[in-house]
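Below: the structure, in C-alpha cells.
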Amino acid sequence: MLRRLWTLAFAPLRARRGRPAALLALAAGCLALVFIEHTPLTLLQNAQFDRMQRQSPRDRSEMPALVVAVDEKSLAALGQWPWPRQTLARLIEKIGAAEPLAIGLDMIFPEPDRLGATSLKRLYPQLQGSRLEDPDERLSRALAHTPSVLGMAATNGLPPGARTALKVTPVLSQGGDARDGAGRFAGALASLPLLEASARGQALLNAQADPALLDPERGVLRRVPLLASVAGLPVASLGPEMLRVALEAPAVQAWVRGSEITRVGVGEYSLPTRDNGELILHFGPFQADRYLSAVDVLEDRVPAEYLRQRFVLLGFTGTGLQDRVVTPLGEKVPGVDIHAQVLESLLSGEALTRPHWIRGLEGLVLVLLGLGLIAAVPRIRPTVAVKLGLMTAVLLFGLGYAAFHLGRLLFDAASLVTLLNPVFFILIGNTLVESDRQRRLAEEALQASRESAARVAGELDAAHRIQMGLLPDPASLFAGEQRFQVAAHLEPAREVGGDYFDCFMLGEDHLCLAIGDVSGKGLPASLFMAVSKSVAGALLRQHPEDLGAALAEMDAALSRDNREYLFVTTFVAVLDVNDGRMDYVCAGHDAPWVVHGATVSRIPVEPVSGPPLCACEGYPYQRGSARLAPGDRLVLTTDGVSEATNGREWFGNERLATLLLQHGQEGDAVNLAEAIRREVRQFEAGAPPADDLTLLVLQWWGPGDRPLDPRLSER
C-alpha cells in the first residue's frame with residue numbers, strides 16, 4: 001500500500017519522462033532569479049564573487065596613498081585619545097610641510113577641545129581675563145594652510161551633536177539630480193564650524209549607502225558609497241573629495257540616468273556605481289608598509305620625501321579606537337584602509353560592475369540552457385547526460401570567470417548552476433529510475449540465492465580496492481624526478497588492513513613521507529586508517545613548517561570521535577630535496593633505517609618520540625632533525641617486517657639490518673623495497689602473515705641530476 005502511494009505521489013514527476021516537472025522547476029528558477037535579493041542565493045552569489053577577488057586581487061604596488069596611524073606606539077608616546085588639538089595641529093603641519101597632494105582625516109571633532117580657553121576658564125575662574133591660546137584655533141590654522149579634508153558621519157534621527165547646517169563641496173550632477181538616487185540622511189555628526197570653515201573639503205565617512213536597509217553582507221564589506229544625500233545636500237565620500245582637493249576641482253561629478261546614479265568621479269577620473277551611488281570595490285591585499293606611526297611623523301623619523309606628492313589619510317589603528325572591517329579577501333583591515341582603497345580605485349579606474357543588463361543576460365542564459373537540457377537529457381544515455389550537465393556547469397563558471405578577468409563584470413554563474421540543478425536532476429533521475437528498475441528486476445532471482453555471501457565478499461573486495469586506491473603511486477607521482485626516487489609496498493594481512501603510507505611534495509623542494517600503523521586489523525582498522533591518512537595529509541599540507549603542531553592537531557581530530565579507542569603509530573618526515581635536511585616527528589613508531597655507504601644506522605627518534613596518536617590526548621609532539629648525504633637510502637617500515645614470523649621466531653631488526661647491508665647498495669629504491677618484501681615472505685615460509693607489511697623506501701641522489709648507473713656507463 002505504501003509503495004503504491006509512493007508511486008502515485010511521484011507520478012507527476014515521472015510523467016512524460018519528467019519534462020513537465022522540469023519546466024515547472026525552470027519557471028521557479030526564473031522567478032527566484034528575479035527576486036534573488038530575497039533568497040539564500042545571495043550568499044552563494046557573494047561567495048562566488050569573493051572567491052574571484054581572492055584569486056585576482058587588485059594590484060596596489062604603485063598606488064600613492066599612505067596612512068598616518070594613531071596606533072599603539074603613538075598612544076604610548078603621546079597619551080590616550082583624544083589628544084590635545086595642538087598636537088593634532090602639529091601633526092597636520094608636519095604632514096603639510098612635506099607637500100602632500102591631500103590630507104584626509106578619518107575622524108570628527110564635534111566638540112571644543114577639553115583644554116580650550118573656554119573650558120579652562122569655566123573650571124578655573126581665576127583664569128578669567130587671562131589670554132590663553134585656543135587649541136581649536138590652532139588646529140583651524142593648520143587645516144587652513146594644508147590641502148585638508150574633514151570627515152562627517154551621516155545619521156538619521158539627529159542625535160545630540162548632529163547638525164543639518166553643513167559646509168559641503170558642490171556635487172555637479174549630469175543628466176539628473178544625484179540626490180534622487182543616493183541614500184538619504186537627515187543630518188550628520190560633523191566637526192566644529194570653525195574647523196569646517198578652515199578645511200578645504202568635508203566628506204562622508206559612512207560605509208553604508210542607505211540607512212533604511214538592513215545589512216545583507218553578513219559582516220563582509222563589499223560596497224561603499226561614493227555619494228549620499230545629507231540634509232538635502234549631495235555629499236561625496238572621503239576618496240573622491242581628497243581627489244577633488246588635490247586636483248583643485250570645483251566639484252565632484254555625478255552622472256545620473258533618471259533617478260539612478262551611474263558614475264561618480266573628479267576630472268578625468270571616474271568609476272561606475274550602483275543605482276544608489278555605491279561602488280563595488282575591487283579590493284587589493286592589505287599593505288602594512290603603507291602605514292606610518294603618527295609619533296614617527298611628529299618626531300621627524302619619516303623623511304619628507306616619503307610624503308611628498310602622496311595622498312595621506314589620518315586614521316586609527318590603535319586597539320579600542322579603530323573600526324575593523326572584513327573584506328572579501330578574508331582580511332580584517334582598519335576602516336581607514338577602505339578609504340585608501342577607494343582613492344586608489346579612482347586613480348586606477350578599476351572597479352567591479354554589475355550593470356542592469358547583466359541580470360537580463362543571466363535570465364536569458366538560464367532559460368536557454370534549461371530548455372536545452374529538457375530537450376536533450378531524456379533522449380540520451382545517462383552517462384552522456386551527466387557529461388552534458390558537467391559541461392554546462394563548466395561553461396557557466398568559465399563565462400563568469402572570463403567576465404571578471406576580462407571586464408571586471410560580476411556574472412552570477414553560481415546561482416545559475418544552482419537553479420539548473422533541479423531541472424537536470426528531475427530529468428536524469430527519471431532516466432536512472434527506469435534503468436535501475438529494469439536492472440533490479442533482472443537481478444532479483446540470481447541475487448536471492450547468494451545475497452549474503454556475495455554481500456560480504458563484495459564489500460570486502462570493494463574495501464580493499466578503495467583502501468589501495470587511497471594510497472599514492474610513487475612511480476607515477478614522481479615520474480621524471482631526478483633528485484630522488486620513492487618506492488613503496490603495502491600488503492595487508494587480511495583483505496583490508498590498518499597500515500598506510502603517503503608521499504607528496506610540499507612546494508617544489510620539500511618531500512613529505514609518512515607511514516602509520518593502526519592498532520588492530522580488519523575493517524575497523526582499515527576505516528581508521530583511511531581517516532588517519534586523510535587527516536594527516538590535510539594537516540601536513542596546512543602546517544608544513546610545524547610538524548609538531550600538525551601531529552598535535554591530527555591527534556585531537558582522531559581522538560574526538562574515537563569510540564572504539566583505536567590508536568595509530570606514525571612517523572612523518574619532510575626532506576629538503578636540495579640540501580638533505582630532514583625534519584621529522586614520531587608518534588610511537590619504529591625508527592627508520594638509513595643506509596649510508598656500507599653502514600646501516602637508525603634515525604635517533606628517542607629524544608623527540610611521543611606516544612601513539614589517540615593514546616595520550618594533548619601530548620606536545622616535538623620535531624627532530626637529521627641530514628641525509630647524497631646517495632643515502634631511507635627505509636621506513638611497520639612492525640609487519642620486524643614481527644614477521646615463521647612459527648618459531650620473528651624476523652627481527654638484526655635480520656633486517658643484515659638485509660639492508662647486503663642489498664643497500666644494489667639497484668635503486670624499487671629494487672631495495674622488493675628485496676625486503678621478498679626476504680620477509682621467504683622467511684615466513686608460507687605461514688599466514690602476522691601483520692600488515694608496509695615499506696616506504698627513499699633514495700636521495702642530491703640536488704643535481706640522477707647519477708648514471710655505472711653498469712650502463714661501462715657498456
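Everything numeric in this text was worked out from a predicted model, so none of it was measured.
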> Please walk me through it: do Leu539 and Gln542 pass side chain to side chain contact (heavy atoms under 4.5 Å, CB included)?
Replying inline: CA-CA 5 Å; Leu539 293 178; Gln542 184 177 350; 3.7 Å; yes
Can you name the nearest heavy-atom pair linking [X] to [Y], along with the distance?
| X | Y | value |
| --- | --- | --- |
| Pro604 | Tyr584 | O-OH, 2.9 Å |
| Arg602 | Ala591 | NH2-O, 2.8 Å |
| Ala488 | Pro474 | CB-CG, 4.1 Å |
| Ala598 | Leu661 | O-CD2, 3.3 Å |
| Ala514 | Val572 | CB-CG2, 4.0 Å |
| His596 | Ala629 | CE1-CB, 3.7 Å |

Strictly by modelled atom types, are [X] and [Y] linked by a side-chain donor-acceptor pair under 3.5 Å?
| X | Y | value |
| --- | --- | --- |
| Thr694 | Asp692 | no |
| Ser642 | Asp639 | no |
| Gln53 | Arg58 | no |
| Asp517 | Tyr500 | no |
| Asp668 | Gln699 | no |
| Tyr401 | Ser56 | no |

Check whether NZ of the Lys or CZ of the Arg [X] lies under 6.0 Å from the centre of the six-membered ring of [Y] and within 45 degrees of that ring's axis.
| X | Y | answer |
| --- | --- | --- |
| Arg483 | Trp701 | no |
| Arg541 | Phe504 | yes |
| Arg408 | Phe404 | yes |

Counting only heavy atoms not in [X] (residues, nucleotides, ligands), do more than 12 fall under 6.0 Å from its [atom1]?
| X | atom1 | result |
| --- | --- | --- |
| Glu545 | CD | no |
| Glu508 | CD | no |
| Arg324 | CZ | yes |
| Glu617 | CD | no |

For the atom pair [atom1] ([X]) and [atom2] ([Y]), what is the distance rounded to the nearest 0.5 Å?
| X | Y | atom1 | atom2 | answer |
| --- | --- | --- | --- | --- |
| Phe484 | Cys503 | CZ | SG | 8.5 Å |
| Ile676 | Glu679 | CD1 | CD | 9.5 Å |
| Thr570 | Leu558 | OG1 | CG | 10.0 Å |

[X] side chain near [Y] side chain, heavy-atom distance below 4.5 Å:
| X | Y | answer |
| --- | --- | --- |
| Glu362 | Phe411 | yes |
| Trp700 | Leu575 | yes |
| Asp50 | Leu329 | no |
| Leu352 | Arg222 | no |
| Leu388 | Phe424 | no |
| Cys586 | Tyr621 | no |
| Leu511 | Phe478 | yes |
| Val585 | Gln622 | no |

> What's the verdict on side chain to side chain contact (heavy atoms under 4.5 Å, CB included) for Arg633 and Val594, showing C-alpha distance, side-chain angles and the deciding distance?
Replying inline: CA-CA 6 Å; Arg633 300 184 182 191; Val594 177; over 6 Å; no
Is a side-chain N or O of [X] found less than 3.5 angstrom from the main chain of [Y], in a donor-acceptor match?
| X | Y | value |
| --- | --- | --- |
| His589 | Thr637 | yes |
| Ser476 | Asp473 | yes |
| Glu643 | Trp650 | no |
| Asp546 | Ala549 | yes |
| Thr569 | Ala587 | no |
| Asn46 | Leu43 | no |
| Thr638 | Leu693 | no |

> Would Phe286 and Tyr291 count as a close aromatic pair, with their ring centres under 6.0 Å?
Replying inline: yes
>> What verdict does the side chain to side chain contact (heavy atoms under 4.5 Å, CB included) test give for Leu513 and Leu698, after you've listed the backbone C-alpha separation in whole Å, the side-chain angles of each residue and the deciding distance to 0.1 Å?
In response: CA-CA 9 Å; Leu513 301 174; Leu698 165 70; 3.9 Å; yes
> Would Asp337 and Arg290 satisfy salt bridge (charged side-chain N to carboxylate O under 4.0 Å, His left out), going step by step from the backbone distance to the final call?
Replying inline: CA-CA 10 Å; Asp337 197 72; Arg290 304 295 175 86; over 6 Å; no
Between [X] and [Y], does at least one N-O distance fall below 4.0 Å, as a salt bridge requires?
| X | Y | answer |
| --- | --- | --- |
| Asp502 | Lys533 | yes |
| Arg655 | Glu649 | yes |
| Asp555 | Arg560 | no |
| Arg563 | Asp561 | no |

> Among Val635, Val600, Val641, Val680, which one satisfies side chain to side chain contact (heavy atoms under 4.5 Å, CB included) with Leu656?
Replying inline: Val641
> Sequence neighbours excluded, which residues qualify as ring-ring contact (aromatic ring centres under 6.0 Å, His included) partners of Phe425?
Replying inline: none
Distance-only donor-acceptor pairs under 3.5 Å for side chains of residues 412-419, two or more places apart:
| unit_1 | atom_1 | unit_2 | atom_2 | d |
| --- | --- | --- | --- | --- |
| Asp412 | OD1 | Ser415 | N | 3.2 |
| Asp412 | OD1 | Ser415 | OG | 3.1 |
| Asp412 | OD2 | Gln45 | NE2 | 2.9 |
| Asp412 | OD2 | Ser415 | OG | 2.5 |
| Thr418 | OG1 | Ala414 | O | 2.8 |

>> Quick one, Leu410 with Gln48, criterion side chain to side chain contact (heavy atoms under 4.5 Å, CB included). Give me CA distance, side-chain angles, the key distance, then yes/no.
In response: CA-CA 9 Å; Leu410 298 178; Gln48 179 199 8; over 6 Å; no
> Taking only residues two or more places apart in sequence or in another chain, which ones pass side-chain hydrogen bond (donor to acceptor under 3.5 Å, both in side chains) with Glu684?
Replying inline: Arg681
